[in-house]
Trainee: 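Right, I'll just put the structure down here and ask away after.
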Amino acid sequence: MIIEKSQDGFRVKVPCKVNLFLEVLGKRDDGYHSLDTVMMAVSLVDELEITRRNDDRIELTIEFPEGFGHPLDGEDLAWHIPADQSNLIVRALDQLRCTLGKNGSGVNVRLIKRIPAMAGLGGGSADAAAALLLGLLLWGTNEDFPSARTIASKLGSDINFFLDGHRNGFWLARCTGRGEEIEPLLCHQPLHFVIAHPPRGCGTRAVFTALDDDANQSRRENPNSLLTGLIEGDLDAIGGGVFNRLETAAMRCTDWIDRSRKRIDRYDHRGQCMSGSGSARFCLCSTREQAEKIVSELQTNGGVRAYYAQSWQSSGIDEQVKRIRNES
Ligand code: C5P
């Protein structure tokens with residue numbers, strides 16, 4: 001995330017994530033699945049701005065910049081983002097102010113939305129993490145960070161990554177448990193990706209259910225060669241090490257998983273994979289130029305929306321919050 005002070009409040013840019021690796025280790029008693037996943041934040045961003053209100057309401061407004069928010073032919077719910085109590089932003093802020101004893105404090109939140117929903121890119125989780133941070137800046141102190149982290153882990157499995165998945169400027173982490181236990185990892189060089197987002201989305205729950213229905217338990221994969229590749233900056237090892245156990249299950253939810261895989265394979269790239277529970281895919285490229293060329297060709301001939309994204313770089317949120325508080 002990148003945090004700034006705005007005229008009457010605070011603003012953040014929050015990236016989405018791709019899962020470079022995702023293995024399912026088993027089903028837990030609470031119905032969730034134990035994961036071993038490597039997440040990297042990349043530069044397709046949402047923006048949130050928070051300002052105070054005189055009443056106790058949490059009012060969310062959503063805007064789509066040019067090129068976003070318009071359905072492709074036959075598109076379903078990618079841009080269907082609720083602005084009511086069901087939105088994770090509203091729920092996160094409501095829970096945070098309750099925990100901090102600020103029940104009467106209302107806010108306006110403006111969300112500029114680029115990260116599509118039902119794509120496996122963690123857009124809702126990214127927004128919730130950003131909202132918790134903005135709420136902390138308005139209502140809390142640094143001592144309140146643990147409360148925000150607890151709210152994050154209860155609200156969703158990916159939110160903690162966006163708060164804590166940082167090391168040495170890069171946002172890259174191995175995440176276990178439901179996905180909420182974060183071990184930040186080293187990465188030494190920027191990576192260039194194409195994100196391809198087909199017109200059909202995948203519901204996370206439906207994909208995990210399809211996985212449970214699949215009786216064929218194959219051998220478990222591990223991310224060792226990927227992790228070595230990331231440390232050494234070896235694109236072949238990174239591209240060769242991308243893996244997602246949920247891909248076969250997601251194929252049962254929409255044929256777009258396979259269609260977009262085939263479309264991406266028309267081009268020269270270093271490795272491709274589905275992100276999260278789908279339906280978006282990413283491919284790793286050698287250079288930004290190569291990625292941008294694939295983006296433009298996919299947009300013209302692929303039937304999918306395509307974006308260039310680079311591995312996200314920014315300092316950790318503790319450091320940024322300290323700076324903002326010193327400036328105020
Ligand atoms: O954590 P989140 O709310 O994003 O998860 C949505 C749904 O995906 C859960 O209700 C659960 O059915 C499934 N899920 C799972 N195991 C995980 C994460 C999510 O089964 N580790």
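Since we're looking at a predicted model, the values are computed, not measured. Counting starts at 1 for both ligands and their atoms, following the listed order.
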Trainee: For ligand 1, is Gly156 a contact, meaning one of its heavy atoms is under 4.0 Å away?
Mentor: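 Yes, that is the case, since the closest heavy atom of the residue is under 4.0 Å from the ligand.
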Trainee: In terms of relative ring orientation, are Phe161 and Trp171 parallel, tilted or perpendicular, with 30° and 60° separating the classes?
Mentor: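 Geometry flag for Trp171 against Phe161: perpendicular rings.
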Trainee: So which protein heavy atom does atom 19 (C) of ligand 1 come closest to, and at what separation?
Mentor: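 Protein heavy atom at minimum distance: Phe208 CE1, 3.6 Å.
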Trainee: Of all the non-hydrogen atoms in the protein, which one sits nearest to atom 16 (N) of ligand 1, and at what distance?
Mentor: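 Going by distance alone, atom 16 (N) of ligand 1 is nearest to His33 N, 2.9 Å.
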Trainee: Please report the C-alpha distance between Met39 and Leu22 in whole Å, then the side-chain angles of each, then the deciding distance to 0.1 Å, and finally whether the side chain to side chain contact (heavy atoms under 4.5 Å, CB included) criterion is met.
Mentor: CA-CA 9 Å; Met39 293 203 237; Leu22 193 158; over 6 Å; no
Trainee: So do Ser153 and Asn160 actually touch side chain to side chain, heavy atoms under 4.5 Å?
Mentor: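 Of all side-chain heavy-atom pairs linking Ser153 with Asn160, at least one is under 4.5 Å.
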Trainee: Measure across Leu88 and Gly124 and return the closest heavy-atom pair with its distance rounded to 0.1 Å.
Mentor: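 Looking at all heavy atoms of both residues, the closest pair is CD1-O, 3.7 Å.
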Trainee: I'd like to check whether Thr204 has a polar contact with ligand 1, where a contact means an N/O of the residue lying under 3.5 Å from an N/O of the ligand.
Mentor: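 No - when backbone and side-chain N and O of Thr204 are compared with those of ligand 1, no distance drops under 3.5 Å.
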Trainee: Taking side chain to side chain contact (heavy atoms under 4.5 Å, CB included) as the criterion, tell me which of Ile89, Asp127, Val107, Leu93 meets it with Leu60.
Mentor: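 For Leu60, the side chain to side chain contact (heavy atoms under 4.5 Å, CB included) test succeeds with only one of Ile89, Asp127, Val107, Leu93, which is Ile89.
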Trainee: For Leu35, take its heavy atoms, then give the atoms of ligand 1 lying under 4.0 Å from any of them.
Mentor: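 In order of number, 21 (N).
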Trainee: What protein heavy atom sits nearest atom 10 (O) of ligand 1, and how far away is it?
Mentor: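 Answer for atom 10 (O) of ligand 1: Arg205 NH2, 3.1 Å.
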Trainee: Please state which protein non-hydrogen atom is closest to atom 9 (C) of ligand 1 and give its distance, to 0.1 Å?
Mentor: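 I find the closest protein heavy atom is Tyr32 CE2, 3.7 Å.
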Trainee: May I ask you to identify the nearest protein heavy atom to atom 4 (O) of ligand 1, giving residue, atom name and distance to one decimal place in Å?
Mentor: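 Answer for atom 4 (O) of ligand 1: Ser157 N, 4.2 Å.
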Trainee: Do Lys5 and Phe10 meet the cation-pi criteria used here (NZ or CZ under 6.0 Å from the six-membered ring centre, within 45° of the axis)?
Mentor: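 Judged by the rule (NZ or CZ under 6.0 Å from the ring centre, within 45° of its axis), Lys5 counts as positioned above Phe10.
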